[in-house]
2 protein chains.
Amino acid sequence: MNKIKLDDLQLKIMKVLWHLGEASVGQIQEVLKAERAFAITTISTVLQRLHKRDIVSYHKEGRQYIYKAEISEKETQHSMTNSLVEQLFGGKSSVLVNHLLEADSFETAELDQLKKMIEEAQKRQNDKT
Amino acid sequence: MNKIKLDDLQLKIMKVLWHLGEASVGQIQEVLKAERAFAITTISTVLQRLHKRDIVSYHKEGRQYIYKAEISEKETQHSMTNSLVEQLFGGKSSVLVNHLLEADSFETAELDQLKKMIEEAQKRQNDKT
DNA sequence: TTTCTATTACTACGGGTGTAGTTTTTAAAT
DNA sequence: ATTTAAAAACTACACCCGTAGTAATAGAAA
């Protein structure tokens, strides 16, 4: 439940880990190559730093380190979204959504979907009462 | 439309500027004191750095610098929300909202409101077609 | 005009980030 | 057992951030 703060490259690497479950530095590099080629040492350094913060763990397998995320994607989404809402939208998620709606951030199909999701959330809340 | 990236303290200071329109370093310090006391030099330094990035401007008034935001709150909200959506929610705003709904980030009243806002957005889109 | 004092400018420092080169280790191949 | 090559460890550097002390400046007061 701590504040999670991840920078650009860190996030890119975490995304690969979340996606693959576990990965060696080389594998991560391979995946990222599609977007941009980083030196393997770059990725390695970032992973070490993430490890120091207990955000990833690893075990050895032959001569490689196999890294694994120690925080989930959901947790991270939650924490980072929360920070944003807190910092920029007065702590109210609805203000954020309002902002998105005003900015026309959704396609037509998404809006329908959203409405359904909201109705479900309302049902959930009613059930709880 | 550039990527705007603001850190914690920077954001706090920008928020004061957005709120007041213009402000001297001392005024900003005064406002922030409610939350935490920063040395005036701290605020001054941050403002200088923001100025170097053209995020704030200033003019002299007597012996003080009066600072003013050069980017709007909306712009910043937009840019930072976009980054988040891009980085963590596959570029789809609805995924973010979905996440918020699953996490029960809304109060009952907010949900009603949201639904209305969505309906309005739908209407807007229909009109455009 | 000289002194005081608020404000700004300059400087600094520890820590994080992006980025990667160089050195060392070690499993694998010969 | 020795060589090789892949991977990791170590080191480095420029830049940004939070934070603030100290020095310089310039209105205001005396």
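So you know, we letter chains A, B, ... as the sequences are listed, proteins then strands, and number each from 1.
As a whole-Å value, the separation of K5(B) NZ from dC16(D) P is 11 Å. Separating the CZ atom of F38(A) from the P atom of dA20(C) is a distance of 8 Å, rounded to the nearest angstrom. For the pair I13(A) CD1 and dG16(C) P, the computed distance is 17 Å after rounding to whole Å. Between the P atom of dT26(C) and the CZ atom of R63(A) lies a distance of 12 Å, rounded to the nearest Å. When the P atom of dC17(D) is taken as reference, atom CD of Q10(B) falls 4 Å away, rounded to whole Å. Rounded to whole Å, the distance from CD1 on I66(A) to P on dA27(C) is 14 Å. When rounded to the nearest whole Å, the span between CD1 of I40(A) and P of dA5(D) equals 17 Å. Put simply, CZ on R36(B) is 8 Å from C1' on dG18(D), counting in whole angstrom units.
V97(A) has its side chain within reach of F106(B): a pair of non-hydrogen atoms, C-beta onward, lies under 4.5 Å apart.
You won't find any donor-acceptor pair under 3.5 Å spanning the side chain of R49(A) and the base of dG15(C), going by distance alone.
Looking at heavy-atom distances under 4.0 Å, V25(A) makes contact with sugar-phosphate atoms alone, never a base.
In this structure, the nucleotide among dT17(C), dT8(C), dA8(D) sitting nearest to the side chain of D7(A) is dT17(C). Distances were taken from every side-chain heavy atom of L9(A) (C-beta onward) to each of dT19(D), dA28(D), dG18(C); the shortest belongs to dG18(C). Taking the side chain of A39(A) as heavy atoms from C-beta on, and the options dT7(C), dA20(C), dT19(D), the nearest nucleotide is dA20(C). In the set dT19(C), dA28(D), dA20(D), dA20(D) carries the atom at the smallest distance from any side-chain atom of T45(B).
Judged purely by atom type and a 3.5 angstrom limit, S79(A) has no side-chain atom pairing as donor or acceptor with the backbone of E75(A).
Partner I28(A) forms a side chain to side chain contact (heavy atoms under 4.5 Å, CB included) with one of V46(A), L20(A), I40(A), I43(A) and no other, that one being I43(A).
When the side-chain nitrogen and oxygen atoms of Y58(A) are compared with OP1 and OP2 of dA8(D), none of them lie within a distance under 4.0 Å. Listed pair T42(B) / dA20(D) meets the phosphate criterion, a side-chain N or O lying under 4.0 Å from OP1 or OP2. At least one side-chain nitrogen or oxygen of Q48(A) sits closer than 4.0 Å to the OP1 or OP2 atom of dA9(D).
Residue whose closest nucleotide on DNA chain C sits further toward the 5' end, between T41(A) and D8(A): D8(A).
Q48(A) and Y67(A) share a side-chain donor-acceptor pair at under 3.5 Å.
At a threshold of 4.5 Å between side-chain heavy atoms, the hydrophobic network of Ile, Leu, Val, Met, Phe, Trp and Tyr places I4(A) and L50(A) in one connected group.
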